[in-house]
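Some notes on the structure that comes next.
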Amino acid sequence: MSQYHAVPVPPMSIRFDQAAGTLSPEGPTLTRRMSDLEGLFRDHEAWEKAVADGDPVVYSVISSPVPEIDRELPQSITTIQPGTTGGELWMTKGHQHPNHQGEIYLGISGRGGLLMFDGTETRWVEMTPGTIGYMPPGWAHRSVNIGDEPYSFLAVYPGGAGHDYGWVLEHGMGLRALSGADGVELVDYVEG
Ligand SMILES: O=P(O)(O)OC[C@H]1O[C@](O)(CO)[C@@H](O)[C@@H]1O
Ligand SMILES: [Fe+2]
């Protein structure tokens, strides 16, 4: 089920207040805690312990009022907190668009990585403020915070693309992003 409402909107400007972490006018907001990321981390015991030890917020998503419906172009800003679980950097759930369509991200603050997987090949794009990351149709995508401060990025995506989270649980993402010497060490995917 979509977390977005489907009310058409008129032409508009949308103001992002980075200090306040708000969009105005605002749409739906979403908070993902550790407990929402079941089955995604390699170290299941470390994930269970993190859930038991306060179930921290891993990332939040604020959206504009543009609806998730075909031919619309919704936007959202995702902020991933810095952290690791079992040595694995905090990340989004990641998803495939069931109705394969492209998408762009724009780095706003902090340091991140954009992991893309088409079921065979994997790509990793480092994201800093000003970087545009492009996800072609058919490439599942996950974002990772590789720094020690919150990592924020703008997403712009086709409203009819949909979100398939089960695809990532079934196929993985090709690689995992662990905390390493230069912030990140990419290793082969191992089941969670
Ligand atoms: O949908 P996920 O995998 O939780 O990741 C969150 C980010 O991805 C989006 O679904 C866009 O691809 C936005 O809602 C948000 O920017
Ligand atoms: Fe997407």
Side-chain angles (χ1 to χ4, degrees), residues 1-6 14 16 18 21-23 26-41 47 55-70 72-81 83 85 88-110 112-119 122-125 127 129 131-146 150-177 189 192:
M1 191 180 71
S2 171
Q3 65 251 19
Y4 297 82
H5 56 144
I14 299 153
F16 173 45
Q18 189 167 355
T22 56
L23 286 173
E26 65 176 2
T29 64
L30 176 69
T31 298
R32 297 246 202 246
R33 291 183 175 275
M34 189 58 77
S35 53
D36 297 313
L37 276 62
E38 183 167 11
L40 300 178
F41 287 98
W47 171 80
D55 195 14
V57 170
V58 178
Y59 63 99
S60 56
V61 183
I62 57 173
S63 301
S64 84
V66 176
E68 275 198 335
I69 53 178
D70 205 24
E72 294 278 3
L73 209 49
Q75 321 93 37
S76 61
I77 291 171
T78 300
T79 301
I80 310 175
Q81 298 303 315
T85 296
E88 194 165 358
L89 292 158
W90 283 8
M91 58 191 174
T92 60
K93 291 177 73 163
H95 58 266
Q96 177 65 283
H97 295 157
N99 179 9
H100 289 179
Q101 297 189 44
E103 177 169 3
I104 61 163
Y105 287 170
L106 171 66
I108 294 175
S109 60
L114 170 56
L115 181 61
M116 293 175 268
F117 182 49
D118 71 353
T122 308
R123 293 281 191 281
W124 172 260
V125 171
M127 298 286 295
T131 306
I132 297 173
Y134 177 59
M135 290 140 275
W139 287 75
H141 35 282
R142 162 177 289 161
S143 294
V144 183
N145 187 338
I146 66 170
Y151 162 56
S152 293
F153 64 91
L154 167 73
V156 183
Y157 56 101
H163 290 75
D164 183 352
Y165 295 102
W167 192 95
V168 170
L169 284 170
E170 188 180 339
H171 299 276
M173 284 298 298
L175 294 173
R176 289 186 179 279
Y189 191 87

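Being a predicted model, the structure only gives us computed values, none of them experimental. Every number for a ligand or one of its atoms is a count from 1 in the order of the listing.
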Quiz item: With distance as the sole criterion, is a donor-acceptor pair present between the side chains of H141 and H95 under 3.5 Å?
Solution: yes

Quiz prompt | Proximal atoms of ligand 1 relative to H163 (non-hydrogen, under 4.0 Å) | solution = 1 (O), 9 (C), 10 (O)

Quiz item: Is I104 close to L154 at the side-chain level, that is, under 4.5 Å between some pair of heavy atoms?
Solution: no

Practice problem: Would you check if the side chain of D118 reaches a backbone N or O of W139 as a donor-acceptor pair within less than 3.5 Å? | Solution: no

Practice problem: Keeping the roles fixed (side chain from R176, backbone from Y189), state whether a donor-acceptor pair exists under 3.5 Å. | Solution: no

Quiz item: Can you tell which of S63, A155, G94 gets a heavy atom nearest to atom 3 (O) of ligand 1?
Solution: G94

Quiz item: Of all residues at least two apart in sequence or in a different chain, which pass the ring-ring contact (aromatic ring centres under 6.0 Å, His included) check with Y59?
Solution: none

Quiz item: Residues in ring-ring contact (aromatic ring centres under 6.0 Å, His included) with W47, at least two apart?
Solution: H44

Quiz item: Judged by atom type as modelled, is there a donor-acceptor pair below 3.5 Å linking the side chain of N145 to the main-chain atoms of I80?
Solution: yes

Quiz item: Which atoms of ligand 1 have any heavy atom of S76 under 4.0 Å away?
Solution: 13 (C), 14 (O), 15 (C), 16 (O)

Quiz item: Of all residues at least two apart in sequence or in a different chain, which pass the salt bridge (Lys or Arg N to Asp or Glu O under 4.0 Å) check with E103?
Solution: none

Quiz item: Can you tell me if R32 has a non-hydrogen atom under 4.0 Å from ligand 1?
Solution: yes

Exercise. Under 4.0 Å from a heavy atom of F153: give me the atoms of ligand 1 that qualify, with their elements.
Key: 16 (O)

Quiz item: Ignoring waters, how many protein N/O/S atoms are under 2.8 Å from the Fe ion (ligand 2)?
Solution: 4

Quiz item: What do you reckon, does H95 have a nitrogen or oxygen under 3.5 Å from a nitrogen or oxygen of ligand 1?
Solution: yes

Quiz item: Is there a donor-acceptor contact under 3.5 Å from the side chain of Q96 to the main chain of V168?
Solution: no

Exercise. State, yes or no, whether a side-chain contact exists between R32 and L37 at a heavy-atom distance under 4.5 Å.
Key: yes

Quiz prompt | For Y59, the ligand 1 atoms whose distance to one of its heavy atoms is below 4.0 Å | solution = 2 (P), 4 (O)

Quiz item: Looking at Y165, which atoms of ligand 1 are within less than 4.0 Å of one of its heavy atoms?
Solution: 1 (O), 2 (P), 3 (O), 4 (O)

